[in-house]
Each structure stands twice: as C-alpha cells, then as structure tokens.
Amino acid sequence: MAKTIAERRMLPPYWEDAKAELMKRDRIMRKLIPQFGDLHLVGRNEPFTTLARSIIGQQISVRAADSVWQRFLEVCPKCTPAQVLKAGDKLSVCGLSKRKAEYILDLADHFKEKHVHCDKWAEMDDEDVIAELIQIRGIGRWTAEMFLIFNLLRPNVLPLDDAGLLAGISRNYFSGEPVSRSDAREVAANWEPWRTVATWYLWRSLEPVPVSY
C-alpha cells in the first residue's frame, strides 16, 4: 500500500538507533549530529517522480533544477509516464536539454512498458535495485544511490561519486584537505550499517550552501 505524504515525512524507523550508534563510535559524528536537533531524512514522492527529478537535476545548480522542475510540472502536472510520453517534444519548452528530454522519455517508457519492477524494489537488495535502474538511459550509479536514499530510505548507502559527501568528509575529517574515494571509504567503514545517516549529516554540515537533500 502506498504511503501517504504524512507517513513519508515521518522519521525513518532506524534513525534514532543510527544516531546513537554513530555518536558512540565516531567522535566527529558525536559533535555533528546534535547540531541538527530533530531534523532527519525525509522521503520523496513516488518512484517515477523521484527519478524524473533526479535526471532533471543532474549537473546543474539546485536553483536551476528547481526552476526547470516547475516548468516541467506545467507541461506534465501529474508527472505520470503516460503524460510524459504524450508531451513528447513539448518537454523542450521546460528548459530541458535535448539529451535530458530523451532520458525522461526513456524513463517514462521503461515504467509504462514495465521494464522496471518498482513494486518489488522495497524487497530487493540495494545492488539489485541499482543494477535495474542503471539500465535506463541517463541513470548512473549516483542517481540510483540517491533513489535508494530518498525514495526507498535505505540506511546503508555510501554515494562515493557524490561531491557533497566528499566535501563533507574533507571539511569534518581532514581539515579541508582534498579526499579520495579511498579516503572516504576508509572513514565510512566506521559508520556501517548506517552510512546513509552519516552521509546525510555531512551534507547538512555544508549548509548554508543550498543542497537538494
């Protein structure tokens, strides 16, 4: 049964346990987590909408992505696969590049033709969901990982291709020195099985720079 908007805004069931564990074992998390009080990860909309918005937001600023998204909703207010496919070439008026418009249409086609199994994702392992998602044009591992975090609310995702995560680790663990994926992976080993939660707090630590998390 689909969750209501109110339910999706509820605290993820693992969040408080994760906070306690992270603060117990990681001195940086022990200082960082209390700074954000009762704030927590909030789930986003249904699968198609989440993925469409992720594609639109690729490689552009948060402000630009929000602007394009609002124009997209003017053309496709229900944001359903059928509506997107019907819009077709009209997607170009939303400010989408030709390539992104093609990606959105391919996404819609995958959902309409049931080439993806969104009704089964909740029961599938993270890597199995990723493997299915990256078959869609325009969806790489980063986008799939954002989907795991924000739609499926998976607790242990580590998006090593995310610039915000690397920046957060750099600022909080390495005094601003650049960090590699290997450095990030080593730091994150201490966060298992709550890497999503630690990642979210590191994203928040970068504010007031606007983020779409």
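For this chain, numbers begin at 1 and follow the sequence in order. Everything quoted here is computed from the prediction, not taken from an experiment.
- Scored by the salt bridge (charged side-chain N to carboxylate O under 4.0 Å, His left out) test, D128 finds no partners at all (sequence neighbours excluded).
- Shortest non-hydrogen contact noted between W191 and V187 is CZ2-CG1, 3.5 Å.
- For E16, the salt bridge (charged side-chain N to carboxylate O under 4.0 Å, His left out) partners two or more places apart in sequence, or in a different chain, are K19.
- Within 6.0 Å of CG in D89 there are 12 or fewer heavy atoms belonging to other residues, nucleotides or ligands.
- Side-chain contact between F111 and P47 is present, with heavy atoms from C-beta onward closer than 4.5 Å.
- When only modelled atom types and interatomic distance are considered, T80 and Q83 share no side-chain donor-acceptor pair under 3.5 Å.
- Taking CZ of R195 as the start and CG of L158 as the end, the distance is 5.0 Å to the nearest 0.5 Å.
- Considering SG of C79 and CZ of R53, their distance stands at 10.0 Å, rounded to 0.5 Å.
- For the atom pair L152 CG and W121 CH2, the distance stands at 8.0 Å (nearest 0.5 Å).
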For this session: Using the ring pair (Phe, Tyr, Trp, His ring centres under 6.0 Å) rule, take Y201 and W15 through it: C-alpha gap first, then chi angles, then the decisive distance, then the call.
Result: CA-CA 12 Å; Y201 281 106; W15 201 261; 5.8 Å; yes
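- By the 4.5 Å heavy-atom criterion applied to side chains, I130 and E145 are counted as neighbours.
- A heavy-atom distance below 4.5 Å is not found between the side chains of I169 and D183.
- To the nearest 0.5 angstrom, I56 atom CD1 is 11.5 Å from L51 atom CG.
- At least one donor-acceptor pair closer than 3.5 Å links the side chain of D162 to the backbone N or O of G164.
- The structure places CG of L202 at 10.0 Å from CG of L166, a figure rounded to the nearest 0.5 Å.
- The line from CG of L22 to CG of D17 is 10.5 Å long, rounded to the nearest 0.5 Å.
- In this structure, the side chain of R171 engages the main chain of S205 through a donor-acceptor pair within 3.5 Å.
- Contact of the W194 side chain with the D26 side chain is not registered, since no non-hydrogen atoms from C-beta on lie closer than 4.5 Å.
- No donor-acceptor distance shorter than 3.5 angstrom exists from the side chain of N151 to the backbone of F147, with no hydrogens or angles considered.
- Q135 contributes no side-chain N or O that, together with a main-chain N or O of H115, makes up a donor-acceptor pair within less than 3.5 Å.
- Taking the side chain as every heavy atom from C-beta outward, L206 and R204 never approach each other to under 4.5 Å.
- Applying the ring-ring contact (aromatic ring centres under 6.0 Å, His included) criterion to W69, with sequence neighbours excluded, gives F72.
- Listed by first and then second residue, the side-chain hydrogen bond (donor to acceptor under 3.5 Å, both in side chains) pairs that reach into residues 102-112 are E102-R137, sequence neighbours excluded.
- Under the ring-ring contact (aromatic ring centres under 6.0 Å, His included) criterion, Y173 pairs with no residue at all, not counting sequence neighbours.
- Residues I149 and W200 form no side-chain contact, since every pair of their non-hydrogen atoms from C-beta on lies 4.5 Å or further apart.
- Proximity of C76 to L91: side-chain heavy atoms (C-beta onward) are separated by under 4.5 Å at one or more points.
- Enclosure of atom CD in E192 by more than 12 non-hydrogen atoms of other residues, nucleotides or ligands within 6.0 angstrom is indicated.
- Judged as a side chain to side chain donor-acceptor pair (under 3.5 Å), and not counting sequence neighbours, the contacts of R25 are E21.
- The closest donor-acceptor contact from the side chain of E132 to the backbone of H117 lies under 3.5 Å.
- The closest side-chain heavy-atom distance from I139 to L107 is below 4.5 Å.
- More than 12 heavy atoms of other residues, nucleotides or ligands sit less than 6.0 Å from atom CZ of R30.
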